[in-house]
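For reference, positions follow the sequence shown, starting with 1. Hydrogens, waters and symmetry mates play no part in the numbers below; they use all other heavy atoms, side chains included.
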Amino acid sequence: MEIKTVSILGCGWFGLPFAKELVAKGFRVKGSTTSVDKLDSLRAEEIEPFLINLNEASALPTDFFDADVLFVNVPPRAKTESASSYPDKLQSIADAATNVKQVVFISSTGVFEDGNFEVDENSVPKPESDAGKSLLEAENLWKAYPQFTTTIIRFAGLLGPGRNLAKFFAGRTDVPNGKAPINLITLDDCIGLCLQLLETQQFGEVYHGVSPHHPTRTEFYTALCKVSGMEKPTFKDELLDWKQINSINVSKLGYNFKVQNWFEWMENCSL
């Protein structure tokens, strides 16, 4: 299949730079925003802008769904999105995507509970949080539609421009669970993984977007605070509930994560 047009529902922290990369590579890109003020900024980046707000009962623009691939990149709003309302909002999008052949749903590794285990794409999630439950319900919603093929990409914790996680730990003392492994991905790898999916067209799978390097919270956040010029935190030397997210399916794409070692990445990172 020749992919010419890509629609991105949600041009935010990931969606906008991803859209810019697609434009640079010659794709026709349609992007949505919930803000009227951002329509001109999308247009300035040669992204065809659409105003779509799933929290408002308004007709969806049919032109937005005239695309070869639709990326759905609208996570549930933390603490304000009920487990039931999020999938319901996405269902209106799924119902409207009658002309789309490929849907890529950006999910999260938060669908997995902290079960003191390593998991990969073959593991069955049993989420405990409301957000995790609503994400898993949304994944199953997309997979239930026969008119398009659904690909699910579960991003781990997001790190990159405007998302320096060091600020959540700087100067804190006795932070719990210091021995637990981290599960993170940079914006560069989020974009790289999705570009590789479009290149290889290995649709219909579940992919875990997570760096293969899993140092402990103590090791990682202590070093990140140092390179960020922030006060060093202290962690409790303990291992409580944890999980390590692995990816085995990304190898099918022939994609190698740019971050193979977080401490090497820190030497050149800019957050």
Checking [X] side chain against [Y] main chain: does a donor-acceptor pair fall under 3.5 Å?
X      : Y      : answer
Glu238 : Asn177 : yes
Gln201 : Met1   : yes
Asp120 : Ser247 : no
Glu113 : Lys126 : yes
Ser108 : Gly110 : yes
Lys252 : Tyr207 : no

**Report entry** side-chain contact (heavy atoms from CB on, under 4.5 Å) assessment of Phe50 paired with Leu9
**Finding:** CA-CA 9 Å; Phe50 290 82; Leu9 183 70; over 6 Å; no
Spacing of [atom1] belonging to [X] relative to [atom2] belonging to [Y], to within rounding of 0.5 Å:
X      : Y      : atom1 : atom2 : result
Leu239 : Arg217 : CG    : CZ    : 10.5 Å
Thr186 : Trp262 : OG1   : CH2   : 5.5 Å
Ile106 : Phe18  : CD1   : CZ    : 7.5 Å
Arg28  : Ile47  : CZ    : CD1   : 13.5 Å
Phe117 : Asn246 : CZ    : CG    : 11.5 Å
Glu205 : Thr149 : CD    : OG1   : 11.0 Å

Answer whether the closest heavy-atom distance between the side chains of [X] and [Y] falls below 4.5 Å.
X      : Y      : answer
Phe105 : Leu141 : no
Val69  : Leu197 : no
Asp68  : Gln102 : no
Trp265 : Ser211 : no
Lys25  : Leu195 : yes
Thr222 : Phe169 : no
Cys225 : Lys232 : no
Leu16  : Ile8   : no

Report task. For the pair Tyr221 and Phe235, name the ring-plane relationship: parallel under 30°, tilted 30 to 60°, perpendicular over 60°. Result ->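 Judged by the thresholds at 30° and 60°, the geometry between Tyr221 and Phe235 is parallel.
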Provide the closest heavy-atom pair for [X] versus [Y] in the form atom of the first, atom of the second, distance.
X      : Y      : value
Val111 : Pro125 : O-CB, 3.3 Å
Ile52  : Ser32  : CD1-CB, 3.9 Å
Phe148 : Ala94  : CE2-O, 3.9 Å
Met266 : Leu224 : SD-N, 3.7 Å
Tyr86  : Ser134 : CD2-O, 3.8 Å
Pro17  : Leu187 : CG-CD2, 3.9 Å

Query raised in the report: For Glu46, does the CD atom have more than 12 heavy-atom neighbours from other residues, nucleotides or ligands under 6.0 Å away?
Result: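 Count not over threshold, so no.
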Query raised in the report: Hey, is NZ on Lys243 packed in by over 12 heavy atoms from elsewhere, all under 6.0 Å?
Result: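 Buried by this count: over 12 neighbours within 6.0 Å.
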Look at the side-chain heavy atoms of Ile, Leu, Val, Met, Phe, Trp and Tyr, link any pair under 4.5 Å apart, and say whether [X] and [Y] land in one connected group.
X      : Y      : value
Phe65  : Leu198 : no
Val210 : Ile191 : no
Leu165 : Ile182 : yes
Ile245 : Trp242 : no

Query raised in the report: side-chain contact (heavy atoms from CB on, under 4.5 Å) between Leu90 and Leu54: does it pass, once the steps are laid out?
Result: CA-CA 8 Å; Leu90 293 183; Leu54 300 183; 4.1 Å; yes
**Report entry** Stepwise side-chain contact (heavy atoms from CB on, under 4.5 Å) check, Asn116 with Asp241
**Finding:** CA-CA 6 Å; Asn116 304 324; Asp241 292 341; 3.8 Å; yes
Requested in this report: Only pairs at least two apart or in different chains count here, so list each salt bridge (Lys or Arg N to Asp or Glu O under 4.0 Å) that has a residue in residues 166-181.
Outcome: Lys179-Asp237
Query raised in the report: Can you check side chain to side chain donor-acceptor pair (under 3.5 Å) on Asn164 and Ser228, steps first, answer last?
Result: CA-CA 8 Å; Asn164 186 348; Ser228 301; 3.0 Å; yes
Requested in this report: Quick one: do Phe263 and Glu219 satisfy side-chain contact (heavy atoms from CB on, under 4.5 Å)? Show the steps, please.
Outcome: CA-CA 9 Å; Phe263 305 111; Glu219 294 167 331; 3.9 Å; yes
Going by atom type alone, with no hydrogens or angles, which donor-acceptor pairs under 3.5 Å involve a side-chain atom of residues 150-162 and a protein atom two or more places apart or on another chain?
| unit_1 | atom_1 | unit_2 | atom_2 | d |
| --- | --- | --- | --- | --- |
| Thr150 | OG1 | Trp142 | O | 3.0 |
| Thr151 | OG1 | Gly204 | N | 2.8 |
| Arg154 | NE | Glu139 | OE2 | 2.9 |
| Arg154 | NH1 | His208 | NE2 | 3.2 |
| Arg154 | NH2 | Glu139 | OE1 | 2.8 |

Query raised in the report: Which residue pairs pass the side-chain hydrogen bond (donor to acceptor under 3.5 Å, both in side chains) test with at least one member in residues 189-200, sequence neighbours excluded?
Result: Asp189-Tyr255
